[in-house]
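Working notes, structure below.
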Amino acid sequence: QLQASGGGLVQAGGSLRLSCAASGRAFTALRMGWFRQGPGKEREFVAAITWSGDSTYYATYYADSVKGRFTISRDNAKNTVYLQMNSLKPEDTAVYYCAATDPGTSWDPPKWSLYDYWGQGTQVTVSS
C-alpha cells in the first residue's frame, strides 16, 4: 500500500516536498516512481529511484521537464520516498502519484504500465 501526501497550493518559484509511505512489502527492494497528471493531460513520468543491493548507491531518473528542479530520494528506515520540488512552475500543476514495482520484474522507469502498485495521488497547484 502506498500513501502519498504533501501536496498543496504554492506560488510559482516556490517549493513543496511530497512523501510516499509504503507498507506491506519489502520496501528496500521496491523500485519507486512519481508520475503526474495535469488537467486534460495524460499521465506523465516525473522521477524514479531504485536501490542496488547492500550498497548505498541509488540510481535516479528524471523527466527532462523537471531535471535540476526536482529531487527524488528515499529513506528506507521510514519506508518512504520523497519528491523535493523547487522552482515550481504553473505547468507543474497536477495530481502527483507515487508508484512502485517489485524487484526482478521488467522495468523501464518512465513506463507507468510497468508499475505494480499506486498511491491515491496528491494535488499540487502552482499559481502564477
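When reading the values below, keep in mind they use all heavy atoms of this one structure, side chains included, and skip hydrogens, waters and symmetry mates. The residues of the chain are indexed from 1 along the displayed sequence.
- Residue F70 is grouped with residue L18 when hydrophobic side chains (ILVMFWY) are merged at heavy-atom distances under 4.5 angstrom, including chains of intermediate members.
- Y97 and W112 fall within a single hydrophobic cluster, where Ile, Leu, Val, Met, Phe, Trp and Tyr side chains are chained together by heavy-atom contacts under 4.5 Å.
- Smallest separation of non-hydrogen atoms from R36 and E44: NE-OE2, 2.6 Å.
- Just one residue in the list D92, V124, V10, V66 forms a side-chain contact (heavy atoms from CB on, under 4.5 Å) with M85, and that residue is V124.
- Between D64 and K67, at least one side-chain N (NZ, or NE/NH1/NH2) sits under 4.0 Å from a carboxylate O, which counts as a salt bridge.
- For Q37 (side chain) and A94 (main-chain N/O), no donor-acceptor pair under 3.5 Å exists by modelled atom type.
- Distance CD/Q84 to CZ/R69: 12.0 Å, rounded to 0.5 Å.
- Clustering ILVMFWY residues whenever any of their side-chain heavy atoms sit less than 4.5 angstrom apart, transitively, puts Y115 in the very cluster that holds Y61.
- A cation-pi contact, defined as under 6.0 Å to the ring centre and within 45° of the axis, is absent between R43 and F35.
- With rounding to the nearest 0.5 Å, the separation of CE in M32 from CG in N79 is 9.0 Å.
- Connection of Y62 to V46 is established within a shared hydrophobic cluster, with ILVMFWY side chains joined at heavy-atom distances below 4.5 Å, either directly or through further cluster members.
- Looking only at side-chain heavy atoms (C-beta outward), D108 and F45 stay at 4.5 Å or farther from each other.
- Hydrophobic clustering (side-chain heavy atoms under 4.5 Å, transitive across Ile, Leu, Val, Met, Phe, Trp, Tyr) keeps L9 apart from L88.
- No donor-acceptor distance shorter than 3.5 angstrom exists from the side chain of T80 to the backbone of A21, with no hydrogens or angles considered.
- Judged by distance alone, the side chain of R31 and the main-chain N or O of D102 form a donor-acceptor pair under 3.5 Å.
- The backbone N or O of I72 sits nowhere less than 3.5 Å from a side-chain atom of T60 that would complete a donor-acceptor pair.
- Here NZ of K89 is found 14.0 Å from OG of S128. Values are rounded to the nearest 0.5 Å.
- For the pair A4 and T122, the tightest heavy-atom approach, listed with the atom from each and the gap, is CB-CG2, 4.3 Å.
- Here the CG-CG distance, from L2 to L30, works out to 7.5 Å after rounding to the nearest 0.5 Å.
- Of the candidates W34, Y82, Y117, C98 forms a side-chain contact (heavy atoms from CB on, under 4.5 Å) with just one, namely W34.
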